[in-house]
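Structure, as structure tokens:
Note that the coordinates shown come from a computational prediction; the quantities given were computed from them, not determined experimentally. Note on naming: letters A, B, ... go to the chains in the order of the sequence lines (proteins, then strands), and numbering restarts at 1 for each one.
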Amino acid sequence: MTDSWDVRILTASYRREGPQEEPVIELFGRTREGKSVAVEYRGFKPYFHAVRPSQVLVNYFSKDSEVLKVEPLELEVQGRKTPCAKVTLQHPWKTPEYRERARKHGSDVLAADIPFAHRFIFDFDLAACVRVHGAPSTGKYTTDLVVKAERFEPCDPFNPRLKVVSFDIENTIKDPTILCLGLAWREDGGEIRTDILTGHEKDIILGFIEFVKRHDPDVITGYNIDGYDLPIMEQRAQVHGIPVLPLSRDGQGITNIGERFWRTHGRIIADAWWAVKLELHPKQESLDAVARWLLGEGKHDVDRVHMDDEWARNRERVLEYCKKDAELALRVLEKVARLDKAMDLGVVSKLPVDDTFNSRTSTMIDSILIRAADRQGVGVPMTRTGGGGKSIEGGYVHSLEPGLYEWVIALDFSSMYPSIIIEKNICFTTLSDAGTIESPMGVRFMNPQQRVGLLPKILGDLLRQRREVKAKMKAEADPERKEYYRRLQDAVKVLMNAFYGVLASSFYRFTNPEIGASITAFARENIKSVISQLEADGVRVIYSDTDSIFLESPSKDKDGSVAFGRKVAERFSAGNVNMELERVFRSFFSHGKKKRYAAKTAWPVEDELIVRGYEIRRTDAFNLQSESQKRDFDLVLDNDTEGAVRLAKELVAEIHAGRIPQDMVLEDGEPLEPLVISRTVSEDSRYVNPDSMSNVLAARKMRELGYEVVPGMKVSWIVVDAKKAPMHVEPWVSGRPFEFKPDWEYYARRVAQTLAYVTEVYGWDERSLLMGTVQADLFHENFDGEKEEPKKVEVLKTDKKLTLEDFF
DNA sequence: AACTGTGGCTAACTCC
DNA sequence: GGAGTTAGCCACAGTT
């Protein structure tokens, strides 16, 4: 009896079956009706290609019992049709061994590093969702359904509700013996339920395994589980004779992929910390800080250094705390909606959710490109390893003069690199000395009449797809559907950018430095030519970065600027290259350094403060610094330069005196929180001199206090003595009182430094801002700072000379 | 011997 | 992933 199920694929893997250890493909997912399902497919075999195999190699492989078949075929290798052999093996894990044998016999190998489950997905051209035809079956799976698949066909994508289980452990500091394990999940998508496992450590671990088995979640989450809870659980399980943690849907263990990520058949291991970090770039990364910020709710803290005492005296509190952690991690993961995003990326890149959640972007590009290459008989090169040759030249950045400008027009080329790839037909399949398109660096590509490249074709399709989805989004009335389309078009954009990302890297399998460098060279040539054309017409170009151009508007009003901007955009749009008017700024400020500016918009929205590069945007700036700078920008951009200088002096004086302006402290926030500095910390071994680095020192003290600090995580601190070298810092633990005295002089200096970017154009540099306060403090009266005042730099004001008509 | 300024160098972060 | 900015350490030289 055969039947069919529409399945959203969550993970893809294979297992070994029977004495012959035959590989069985497993696709795990959820059906349209919301049932969890394990789909099995038998009979698919691994293979790779050997280029120009010698007869000796063919004979040698043919006699080997591991090798099922050696078939001749022709593949395009470096632009030429080349005789190759398709070598089919019995066992996927044998591929590395056999590709080395082929190499020893003088053959290059192709497509010999594609994970078996991906090979299956590509060959059957499966997408994120698929209609599975087959028969109901049974097996050692925890899923609602097991299906023995016979064939697959496409189906409309859908996003089933995923079952997520969150957990958190508490352990003693030294062993680290697990004391309890908190659990949180939503019952049928409704209310959050929590539970706690405690007692003997072994029972806790077995209890968790049992819970996962019974509950059958699609996703296992928790805060910092990748780097903390899972490694500890695995370690403690081994102590009790449990070699692997069978948290999968087929009874197998969890495995560590490349230091950070974990895999388990049928489930996605989704670290909530990692999701928040990638999606929101929070300043502080502790669960307490993130939960406060995101959910407006912290957690109660327990004394971690004395966990054993706490556990003995205050057990209920620890248990509550542990459950709360699991619950908060679950809510944080839901809030950042990264699983939804991963599903959208899965739809556009035709991959299981696990791959778009936990893999590198090159996996997405592989998914699209390998299928296309296979269809056209183009050999799939191996990913280049090692090397690390010189990197290719990137985008062009125009320098900018310091000052305040009025009426500035921002234009940019939409999807510049993809447009260039399409327009210039750039591809590894068009790279040829016979080509008629020559890049500025002398690399030649065939024109589309000679041959349409794979990359241009794919990117053209994606561009079209994005336009269609955007059109649907605009036409859609239902807000939920509209939001879905918005996310989908965003996913297409992410995928397109990822294409450029991997092409620019010299390691990606399908590209080489010549191709990447040609793309950026065309881009630089293009943007520079636009700049010189505009300048030749008398338009002042203020700034430019890669694909954007900032112009001084010839008309000093909104409508005129918009009209002018539109004309310029139209003038430089042709074919696939599209220039758009992005914004019109009423005022625009920079202290003259690239990638840093602040501006106030007039169009398309009125009065929005846009800041790039400055401390306001930086996670390693303290909030007092960012907020001070923001207020100063606000004044300067409203042309209140006197006010900006006055505010700067006042702020520096206040901080110097050890006071934080009341309105800079968040409501019900800690009074010293505006002074917190956060930075990422790596392993000690990654640093030349770890002992001299604040982040390393803060991390050490955090660990001494019993907190989990994992490489790659941000640590937070307050500077208590900057005169020492290295400066003395004390860790800031969100939700716990801070018992040290900040080095106010240091903070005043940093704020002065930051504000001086703005005020020095008006005669107040960092020193004079600081001096002003020192003098005022000493004499208890105002000091006008005249002696310290450097000569005023002339303020740049855009002068009205030209009108629209001068250019068109 | 204790400051001050400079420049090399490492590291982190942001903009496209 | 390249381009670019900034902070902070540290060694070294020149003052005070």
Side-chain angles (χ1 to χ4, degrees), chain A residues 277 281-283 360-362 365 388-400 402 410-418 420 493-494 496-508 511 513 516-517 519-521 523-524 527 543-550 582 590-598 610-622 625-626 629 677-684 686-698 711-715 717 719 721-729 743 746-747 749-751 753-754 756-757 766-767:
Chain A
K277 187 183 176 75
H281 310 288
K283 270 197 175 174
R360 295 280 136 224
T361 49
S362 61
I365 309 306
K390 28 183 193 312
S391 53
I392 63 166
E393 196 179 336
Y396 169 71
V397 189
H398 202 60
S399 40
L400 76 178
L411 299 144
D412 65 3
F413 287 103
S414 45
S415 311
M416 180 183 240
Y417 289 132
I420 286 170
K493 186 181 165 186
V494 170
M496 282 176 41
N497 287 341
F499 259 96
Y500 163 68
V502 297
L503 292 172
S505 101
S506 42
F507 302 112
Y508 185 58
T511 190
I519 299 169
T520 55
R524 286 192 303 276
I527 203 91
Y543 181 54
S544 165
D545 185 347
T546 309
D547 59 359
S548 67
I549 292 193
F550 293 68
E582 195 181 58
S590 173
H591 73 296
K593 291 287 146 63
K594 292 170 174 180
K595 295 185 189 279
R596 296 204 158 200
Y597 58 84
I610 303 282
V611 180
R612 291 289 118 95
Y614 282 114
E615 279 74 358
I616 292 177
R617 314 251 327 168
R618 295 180 64 94
T619 55
D620 60 348
F622 48 99
Q625 187 185 15
S626 311
Q629 192 183 34
I677 297 169
S678 302
R679 275 195 143 190
T680 303
V681 64
S682 310
E683 300 97 332
D684 278 14
R686 299 266 281 102
Y687 298 105
V688 174
N689 188 4
D691 297 341
S692 73
M693 299 195 60
S694 304
N695 51 354
V696 174
L697 301 178
M713 187 167 243
K714 277 189 173 40
V715 284
W717 68 85
V719 175
D721 188 356
K723 285 207 183 67
K724 301 275 192 329
M727 59 169 66
H728 287 190
V729 300
D743 182 341
Y746 166 82
Y747 282 99
R749 201 194 80 230
R750 290 284 307 273
V751 171
Q753 223 169 343
T754 293
Y757 294 142
E766 179 200 336
R767 257 170 65 86

Contact state string [nucleotides 7-16 of chain C, B base, S sugar-phosphate only, - no protein heavy atom under 4.0 Å]: SSSS------
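Regarding contacts with the backbone of B:dT14, a side-chain N or O of A:Thr619 is found under 4.0 angstrom from either OP1 or OP2. Phosphate contact (OP1/OP2 of C:dG1, side-chain N/O of A:Ser391, threshold under 4.0 Å): absent. An OP1 or OP2 oxygen of B:dC13 is reached within less than 4.0 angstrom by a side-chain nitrogen or oxygen of A:Thr680. Within the structure, every side-chain polar atom (N or O) of A:Arg617 is placed at least 4.0 Å from both OP1 and OP2 of B:dC13. When the side-chain nitrogen and oxygen atoms of A:Tyr687 are compared with OP1 and OP2 of B:dA12, one or more of them lie within a distance under 4.0 Å.
Between A:Phe622 and A:Tyr747, the two ring planes are perpendicular [angle over 60°; tilted spans 30° to 60°].
Atom pair A:Arg596:CZ and B:dA12:P shows a separation of 17 Å (rounding to whole Å applied). Put simply, NE2 on A:His281 is 14 Å from C1' on B:dA12, counting in whole angstrom units. Between A:Asp545 atom CG and C:dT5 atom P the separation is 11 Å, expressed in whole Å. Between A:Leu400 atom CG and C:dT5 atom C1' the separation is 12 Å, expressed in whole Å. A:Ile610 has its CD1 atom 10 Å from the P atom of B:dC16, to the nearest Å. The interatomic distance linking A:Gln629 (CD) with B:dT14 (C1') rounds to 13 Å, in whole Å. Spacing between atom NZ of A:Lys493 and atom C1' of B:dC16 amounts to 11 Å, rounded to whole angstrom units. Between the NZ atom of A:Lys283 and the C1' atom of B:dC13 there is a distance of 12 Å, rounded to whole Å.
Which of C:dA3, B:dC13, C:dG2 sits closest to the side chain of A:Ile392 comes down to C:dG2. Comparing B:dA12, C:dT6, C:dG2 by their closest approach to the side chain of A:Lys595 singles out C:dG2. The side chain of A:Tyr597 sits closest to B:dC16 out of B:dT14, B:dC16, B:dA11. Of the candidate nucleotides C:dG4, B:dC16, C:dG2, C:dG4 has the atom lying nearest to any side-chain atom of A:Val397. For A:His591, the listed nucleotide lying nearest its side chain is C:dT6; candidates were B:dT14, B:dA12, C:dT6. Of the candidates B:dC13, B:dC16, C:dT5, C:dT5 carries the atom nearest the A:Lys593 side chain, counting heavy atoms from C-beta on.
Residue A:Lys714 is classed as a sugar-phosphate contact, given heavy-atom separations below 4.0 Å to backbone atoms only. The residue A:Asn695 sits close only to the backbone: its heavy atoms come under 4.0 Å of sugar-phosphate atoms, none of a base. Residue contacts for A:Tyr396: at a heavy-atom cut-off of 4.0 Å it reaches no nucleic acid atom on any strand shown. Among the heavy atoms of the strands lying under 4.0 Å from A:Arg618 is at least one base atom, whether or not backbone atoms are also near.
Checking A:Glu393 against A:Thr520 by side-chain atom types alone, no donor-acceptor pair falls below 3.5 Å. A side-chain donor from one of A:Ser626 and A:Lys283 sits under 3.5 Å from a side-chain acceptor of the other. Residues A:His591 and A:Tyr614 bring a donor and an acceptor atom of their side chains to less than 3.5 Å of each other.
For A:Lys595, the salt bridge (Lys or Arg N to Asp or Glu O under 4.0 Å) criterion is met by A:Asp545, not counting sequence neighbours.
Comment: A:Glu615 engages A:Arg596 in a salt bridge, judged by a side-chain N to carboxylate O separation of less than 4.0 angstrom. Using a cut-off of 4.0 Å between Lys/Arg side-chain N and Asp/Glu carboxylate O, A:Asp620 and A:Arg618 are scored as salt-bridged.
No donor-acceptor pair closer than 3.5 Å links the side chain of A:Asp412 to the backbone N or O of A:Ser414.
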